[in-house]
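Below is one structure, written out as structure tokens, with a few remarks after it.
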Amino acid sequence: MAFQSNYLHDLMERIIARNPGESEFHQAVREVLESLEPVIETRPELIRHGVIESLVEPERLIKFRVPWLTDDGKVYVNRGYRVQFNSAIGPYKGGLRFHPSVNESIIKFLGFEQIFKNSLTGLPIGGGKGGADFDPKGKSDAEVMRFCQSFMTELSRWIGPNTDVPAGDIGVGAREVGYMYGQYKRLRSESSGVITGKGLAFGGSLVRTEATGYGLCYFTDEMLKNAGRTFAGARVVISGSGNVAIYAAEKATELGAVIVALSDSGGYIYDAEGIDLALVKRLKEVERARISQYVVHRPDATFTPAGSDSGNIWNVTCDIALPCATQNELHEADARALVDNGCYAVAEGANMPCTPEAIAVFQKSGVLFGPAKAANAGGVATSALEMSQNSQRYCWTYDEVDCKLKTIMQDIFKNASAAAQEYGREGDLIAGANIAGFLKVADAMLAQGAV
Ligand code: NDP
């Protein structure tokens, strides 16, 4: 889509020239700037005060060497990152990703989106993100521990409970969070809530493990109800089989849906009777096995390897699709296949999983669409609730946290819908989420001056 506003057009050109080769970052910024067209028409002071220019430039980007020892005594060196993007409304908050594909562009796109997502939660948290190009897959526990300790030894200089509070993301689960928290505590001699997603015995919050997946379903449920539909009886396809995918599958099942397909980077499984989630949890959370192992235990199910001629997970007929694996995993042709097979709702559990071309297909076809910034905000919202409990030195019950999470997700849907309507984009939750998230941060930035 071309920009109507010369200001936004020129700004986008400058961002591309200034951040060469960072295609994921450009993609994330372009989507937000497109949504802001109607806002800058009515708020010219945002241009005068350089608010949008400041917003697209990280406050700080830290990049560091992470040396670690393998079990047989060889030294490997990975690259670590932390982008502290915007602290206008609170301490930087956002996950750490350990995956070989991690680079500056990916960390910046994730950190940029985090600003608006965190704002949408209604909680006082700024935007940040980090990670390393390290692959925990195939490493021993001892190797993962040494990597996490080395990573935290450097990162600890830059974070703190009132400065920057990281969490998990792809490749960073309870094991990695535990090792990093242990190292921070050892270096600083303090038990503060400096990282969220901690174990329940040392400051973690109930519902944090489930929060992103459950929150995605609470949001999707609101979106469906608003259109006179529900999860009950719907056939649902979910990509990925990590933290977000598993708990989205669990909550959608509880709400009456039948989950028919899940995947990992090796391929996807299809089980017409409904996926056996207890089996998936055992394979993924306990054995750290590949999803292909599912069919060994459930011979009536099928496994289709990635890159197969017979298509990918988006070719499976479904009513609702929840992409929960990674960025740009659902392309235009996949969107067409979903629409042709009758899919009527898509909500993003992963960050930026649908390409702009795929989103255009959904929007033209009238498919209900829940964008990541709104739909997957439940994880960071519950992380912020973990921070609150740590500050109080207190633990809330499961129901208290779950109830707060549900209310936050319902409010995000309401606020995004209302902003879309107010700025002439009724029903467009992408524009609504971007605008609602932006306005709060922009007003805070204006109030704090050029800093
Ligand atoms: P996990 O590491 O727990 O799981 C990731 C899943 O996605 C795995 O099944 C993995 O398969 C698959 N996957 C990852 N990369 C690729 C790829 N390049 N191609 C195909 N499949 C891939 O991560 P999470 O569940 O925590 O995160 C998933 C998504 O949700 C990410 O986009 C993340 O940023 C987003 N998110 C996560 C939040 C959280 O609280 N955890 C909060 C908000 C968003 P394999 O094991 O084979 O690599």
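Every number for a ligand or one of its atoms is a count from 1 in the order of the listing.
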Any atoms of ligand 1 less than 4.0 Å from a non-hydrogen atom of [X]? List them with their elements.
{"X": "Gly240", "value": "9 (O)"}
{"X": "Cys324", "value": "28 (C), 29 (C)"}
{"X": "Arg208", "value": "40 (O)"}
{"X": "Ser241", "value": "9 (O)"}
{"X": "His99", "value": "15 (N)"}
{"X": "Ala350", "value": "29 (C), 30 (O), 32 (O), 35 (C)"}

**Message:** Check for me whether Met352 has a heavy atom closer than 4.0 Å to any atom of ligand 1.
**Reply:**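 Under 4.0 Å: no for Met352.
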
**Request:** Measure the distances from the heavy atoms of Gly171 to every atom of ligand 1 and state whether one is below 4.0 angstrom.
**Result:**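 It does; at least one heavy atom falls under 4.0 Å.
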
Does any N or O of ligand 1 fall below 3.5 Å from an N or O anywhere on [X], backbone included?
{"X": "Asp264", "value": "no"}
{"X": "Gln327", "value": "no"}
{"X": "Lys129", "value": "no"}
{"X": "Asn376", "value": "no"}
{"X": "Leu110", "value": "no"}

Residue and atom name of the nearest protein heavy atom (relative to [atom]), distance in Å to one decimal:
{"atom": "atom 41 (N) of ligand 1", "result": "Asn243 OD1, 3.6 Å"}
{"atom": "atom 12 (C) of ligand 1", "result": "Ala325 CB, 3.8 Å"}
{"atom": "atom 48 (O) of ligand 1", "result": "Lys137 NZ, 2.7 Å"}
{"atom": "atom 23 (O) of ligand 1", "result": "Ile170 CA, 3.4 Å"}
{"atom": "atom 32 (O) of ligand 1", "result": "Asn351 N, 3.1 Å"}
{"atom": "atom 4 (O) of ligand 1", "result": "Gly242 CA, 3.2 Å"}
{"atom": "atom 33 (C) of ligand 1", "result": "Asp169 OD1, 3.1 Å"}
{"atom": "atom 39 (C) of ligand 1", "result": "Thr212 OG1, 3.4 Å"}

**Asked** Which class fits the ring pair Phe369 and Phe362: parallel under 30°, tilted 30 to 60°, perpendicular over 60°?
**Response**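 Ring orientation of Phe369 relative to Phe362: parallel.
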
**Request:** On the 0 to 90° scale, with breaks at 30° and 60°, tag the Phe413-Phe219 ring pair as parallel, tilted or perpendicular.
**Result:**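 Answer is perpendicular, since the angle exceeds 60°.
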
**Asked** Side chain, backbone, both or neither: which part of Glu348 comes within less than 4.0 Å of ligand 1 when only heavy atoms are counted?
**Response**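 Neither part.
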
Side-chain donor-acceptor contact under 3.5 Å, [X] with [Y]:
{"X": "Gln183", "Y": "Thr153", "answer": "yes"}
{"X": "Asn315", "Y": "Tyr268", "answer": "no"}
{"X": "Glu329", "Y": "Thr326", "answer": "no"}
{"X": "Asp399", "Y": "Thr397", "answer": "no"}

**Sub-4.5 Å side-chain heavy-atom contact between Lys281 and Tyr247** =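 Sidechains of Tyr247 and Lys281: in contact.
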
**Asked** Looking at atom 10 (C) of ligand 1, would you say a protein heavy atom lies below 4.0 Å from it?
**Response**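 False for atom 10 (C) of ligand 1.
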
**Item:** Phe134 ring center near Phe151 ring center (under 6.0 Å)
**Value:**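 Centroid distance Phe134-Phe151: not below 6.0 Å, so no.
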
**Tyr76 six-ring face occupied by Lys74 cation (under 6.0 Å, within 45°)** =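 Yes - Lys74 lies over the ring of Tyr76, closer than 6.0 Å to its centre and within 45° of its axis.
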
**Asked** If every non-hydrogen atom of Leu120 is compared with every non-hydrogen atom of Lys373, which pair is closest and at what distance?
**Response**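 Of all heavy-atom pairs spanning Leu120 and Lys373, the closest is CD1-O, 3.7 Å.
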
**side chain to side chain donor-acceptor pair (under 3.5 Å) evaluation trace for Trp68 with Asn78** = CA-CA 8 Å; Trp68 58 280; Asn78 284 94; 2.8 Å; yes

**Message:** Has Ser365 got a side-chain atom pairing as donor or acceptor with Val367's backbone, closer than 3.5 angstrom?
**Reply:**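 The answer is no, because no donor-acceptor pair under 3.5 Å joins these two groups.
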
**Asked** Considering residues, nucleotides and ligands other than Glu287, do more than 12 of their heavy atoms fall under 6.0 Å from its CD?
**Response**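 Yes.
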
